[in-house]
Amino acid sequence: HLYDLADITNASDLAGATPVASAVSLAGSVSFPSVSLSGPALIQCSGGTYDDEATPGIDATSAPIGLRSVVELQANGQYVVSLATHLAAHMAKDNLSAALGESGTNRTMADLLGLDGIDITTEVPINLNTTEATANGASKYALVLGAFSQWDRDDDTSDADAFVQRLEADATDADGLSTATLTQAMRNLVAGDSAAGGNARGANSPVQSVNMALGTGASNFVAATGVEITGAASITVGGSASFKASVLPANASSPLVTWTRSDAAIATVSEQGMISAHQLGQVVLTAVSRGTDPVSQTHLFTVVSAVASD
């Protein structure tokens, strides 16, 4: 939900406040294209889970406060809601607007994390599972969030607020964040190890792409080199058929594809590769790999008349 900071001062004001707008975030960032509001605003999660490279399924609405981000709203802006923005908002305490500006807690949080010059509310982190990390801001932000959640996983915590409270205590003491703890969390993230029993990130996992950004060796990110499509050469009018696309090599970091077709009047294709034939003709089916440096393959099939039976 999006709230105008002119209507609220702190988190306790949310109980009686009305959102200006609502939207669904599917990848850690959200926009409100139909909203004319500009200026200080609060984005507050009200459902779902927070998932990233190290920690699956943290409750995004965990009591007493859900994940949030204090932002400077602009037209057509894209805004991030993460553990970092949540911590910055939590540090602002009774005055949420204190998160904004060059001396605000958003900036303080970014500096503590080594994200110099990066706006943690607008720089959308990459997905380390599908995109190779480089030296850009989006990659650095993703690595920090991965270390954060690995730290959380190492402590075997599923409550986002309990974790944030520990982070806040560490971030606001005289020494800043615990470098040793964060460093160990980053090492665990890279190695795929965890005190909580492992995080399903093995030695050949795409999350090993963090090695590049850390300068600890060559990246293990595996780029797609090709796509193979298997399926029928013809489909009868009114019928359907399932097509399969395999991204090569078999251990490519992003094994998913996006399907398209040349003529929707003749046939349509679902996200899962299911073809529905509507009228006679030929259609070119295309499967494009997702992630960094996409590759594609095409497949020609014909929609034919049903064979009449005696």
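What you see is a predicted model, and the numbers here were worked out from it, not measured in a lab.
- Scanning all heavy atoms of the two residues, the minimum distance from Ala21 to Val35 falls at CB-CG2, 3.3 Å.
- Residues Leu37 and Val81 are members of one and the same hydrophobic cluster, defined by side-chain heavy-atom contacts under 4.5 angstrom among Ile, Leu, Val, Met, Phe, Trp and Tyr.
- Distance check, rounded to the nearest 0.5 Å: CG of Leu100 to CG of Leu5 gives 6.5 Å.
- Looking at Leu2 and Pro19, their side chains never come closer than 4.5 Å, going by heavy atoms from C-beta outward.
- In terms of heavy atoms, Ile118 sits closest to Gly137 at CD1-CA, 3.5 Å.
- Looking at residues two or more places apart in sequence or on another chain, you find a side chain to side chain contact (heavy atoms under 4.5 Å, CB included) between Ser31 and Pro33, Gln78.
- Closest of all the heavy-atom pairs between Ala23 and Phe32 is CB-CE2, 3.7 Å.
- Residues Met274 and Trp259 fail the side-chain proximity criterion, which asks for heavy atoms closer than 4.5 Å.
- Using cut-offs of 30° and 60° for the angle between ring planes, the Tyr3 and His1 rings count as perpendicular.
- Note that the CG atom of Leu42 and the CG atom of Leu73 stand 11.0 Å from one another [nearest 0.5 Å].
- Across all their heavy atoms, Thr225 and Val295 have their closest contact at C-CG2, 4.0 Å.
- Atom CD1 of Ile266 and atom OG of Ser276 lie 14.0 Å apart (nearest 0.5 Å).
- Within the 4.5 Å cutoff, no side-chain heavy atoms of Pro40 are placed close to those of Val70.
- The minimum heavy-atom distance between Thr9 and Asp13, with the atom names listed, is N-OD2, 2.7 Å.
- Taking CD1 from Ile126 and NZ from Lys140, the interatomic distance works out to 12.0 Å, rounded to the nearest 0.5 Å.
- Considering OG1 of Thr230 and CD of Gln297, their distance stands at 11.5 Å, rounded to 0.5 Å.
- Note: the hydrophobic cluster containing Val304 does not contain Ile275 (ILVMFWY, side chain heavy atoms under 4.5 Å, direct or indirect links).
- Remark: Ser22 OG to Ile43 CD1 distance equals 11.0 Å, nearest 0.5 Å.
- Among residues at least two apart or in separate chains, side chain to side chain donor-acceptor pair (under 3.5 Å) pairs with a member in residues 95-107 are Asn95-Ser97, Arg107-Asp111.
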Exercise for review: Assess whether side chain to side chain contact (heavy atoms under 4.5 Å, CB included) is satisfied between Val247 and Val257, documenting all intermediate values.
Suggested key: CA-CA 8 Å; Val247 176; Val257 301; 3.5 Å; yes
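- When all heavy atoms of Leu280 and Val237 are compared, the closest pair comes out as CD2-CG2, 3.4 Å.
- The hydrophobic cluster containing Val30 also contains Val20, counting ILVMFWY residues as joined when their side-chain heavy atoms lie under 4.5 angstrom apart, directly or transitively.
- Panel note: side chain Asn136, backbone Ser139; a donor-acceptor pair is recorded below 3.5 Å.
- Counting heavy-atom neighbours within 6.0 Å of Gln279 CD, excluding the residue itself, gives a total above 12.
- Ring orientation note: the planes of Phe243 and His299 are nearly perpendicular, at an angle over 60° on the 30°/60° scale.
- Taking hydrophobic clusters as Ile, Leu, Val, Met, Phe, Trp and Tyr residues chained together by side-chain heavy-atom distances below 4.5 Å, Val269 shares a cluster with Val303.
- There is no path of hydrophobic side-chain contacts, each under 4.5 Å, that joins Val227 to Leu256.
- Side chain of His86 to backbone of Arg68: a donor-acceptor contact under 3.5 angstrom is found.
- Under the side chain to side chain donor-acceptor pair (under 3.5 Å) criterion, Asp119 pairs with Thr121, Thr122, not counting sequence neighbours.
- Between the side chain of Ser234 and the backbone N or O of Thr302 there is no donor-acceptor pair closer than 3.5 Å.
- When only modelled atom types and interatomic distance are considered, Ser82 and Tyr141 share a side-chain donor-acceptor pair under 3.5 Å.
- Side-chain N or O atoms of Ser270 include one that pairs as donor or acceptor with a backbone N or O of Gln272 at under 3.5 Å.
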